**Q** 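I'd like to ask you about the structure that follows.
One-based numbering, in listed order, for ligands and for the atoms of each. No hydrogens, no waters, no symmetry mates; every other heavy atom, side chains included, goes into these values. Small disclaimer: the values here were computed from a predicted structure and weren't measured.
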Amino acid sequence: MRSTFYFAAWTDSGCLLGCDHEHQTVTSAEACISHAGGYVIAVEKGVLRALTDAEEAEFQNVRYGIKADARQSFTADGMLTILLTIQIRLGNEEAC
Ligand SMILES: [Zn+2]
């Protein structure tokens, strides 16, 4: 079993939602995104993390047809916000 998998994530009414799958590739997880503004989050050994540059490039290419060197720099900040949101949600007893 691989220690890293990916899942599709999106926000709805201020809540972060995600699919229940353990996708083996970024491309597979991207195909699972059904909401505008969706993203792919990696889980490595049970810990959420942002995509690596290579994974991000794959996501951008699959999702938007953008090559790695043309991607927008705002993505990292947006990803950090999402990860912080997840950690807050996970630490909150009240389910979203
Ligand atoms: Zn999925």
Side-chain angles (χ1 to χ4, degrees):
M1 178 180 157
R2 288 174 51 153
S3 60
T4 301
F5 66 86
Y6 309 93
F7 68 92
W10 58 89
T11 57
D12 183 14
S13 301
C15 293
L16 185 95
L17 306 173
C19 74
D20 296 327
H21 312 127
E22 294 187 2
H23 294 280
Q24 296 303 302
T25 65
V26 171
T27 300
S28 173
E30 190 281 333
C32 214
I33 296 173
S34 58
H35 296 69
Y39 201 69
V40 172
I41 295 176
V43 180
E44 185 170 344
K45 297 175 183 172
V47 178
L48 299 172
R49 67 162 171 78
L51 300 182
T52 64
D53 285 349
E55 291 164 345
E56 177 67 28
E58 180 181 348
F59 173 78
Q60 294 286 338
N61 192 26
V62 171
R63 184 106 182 126
Y64 307 111
I66 300 172
K67 294 299 181 187
D69 57 357
R71 65 196 165 96
Q72 300 290 319
S73 60
F74 67 78
T75 306
D77 287 341
M79 191 63 229
L80 181 60
T81 300
I82 291 171
L83 287 175
L84 287 172
T85 301
I86 291 170
Q87 290 174 346
I88 290 169
R89 296 285 178 206
L90 291 175
N92 190 337
E93 289 295 319
E94 295 178 33
C96 194

**Q** Run the side-chain contact (heavy atoms from CB on, under 4.5 Å) test on Leu48 and Phe7 for me, step by step, so that the C-alpha distance in whole Å, both residues' side-chain angles and the decisive distance to 0.1 Å come before the verdict.
**A** CA-CA 10 Å; Leu48 299 172; Phe7 68 92; 3.6 Å; yes
**Q** Who pairs with Glu55 by salt bridge (charged side-chain N to carboxylate O under 4.0 Å, His left out), at least two apart in sequence or on another chain?
**A** Arg49
**Q** Quick one: name the protein N/O/S atoms under 2.8 Å from the Zn ion (ligand 1), chain by chain.
**A** Cys19 SG, His21 ND1, His23 NE2, Cys32 SG
**Q** Parallel, tilted or perpendicular: which describes the rings of His21 and His23, with under 30° parallel and over 60° perpendicular?
**A** perpendicular
**Q** Output, in order, the C-alpha distance, side-chain angles, deciding distance and verdict of side-chain contact (heavy atoms from CB on, under 4.5 Å) for Ile33 and Arg63.
**A** CA-CA 10 Å; Ile33 296 173; Arg63 184 106 182 126; 3.5 Å; yes
**Q** Specify the closest pair of heavy atoms between Gly38 and Trp10, including all atoms of both residues, with the distance to one decimal.
**A** CA-CB, 4.1 Å
**Q** Looking only at heavy atoms, what is the nearest atom pair of Gln24 and Phe5, with distance?
**A** NE2-CB, 4.4 Å
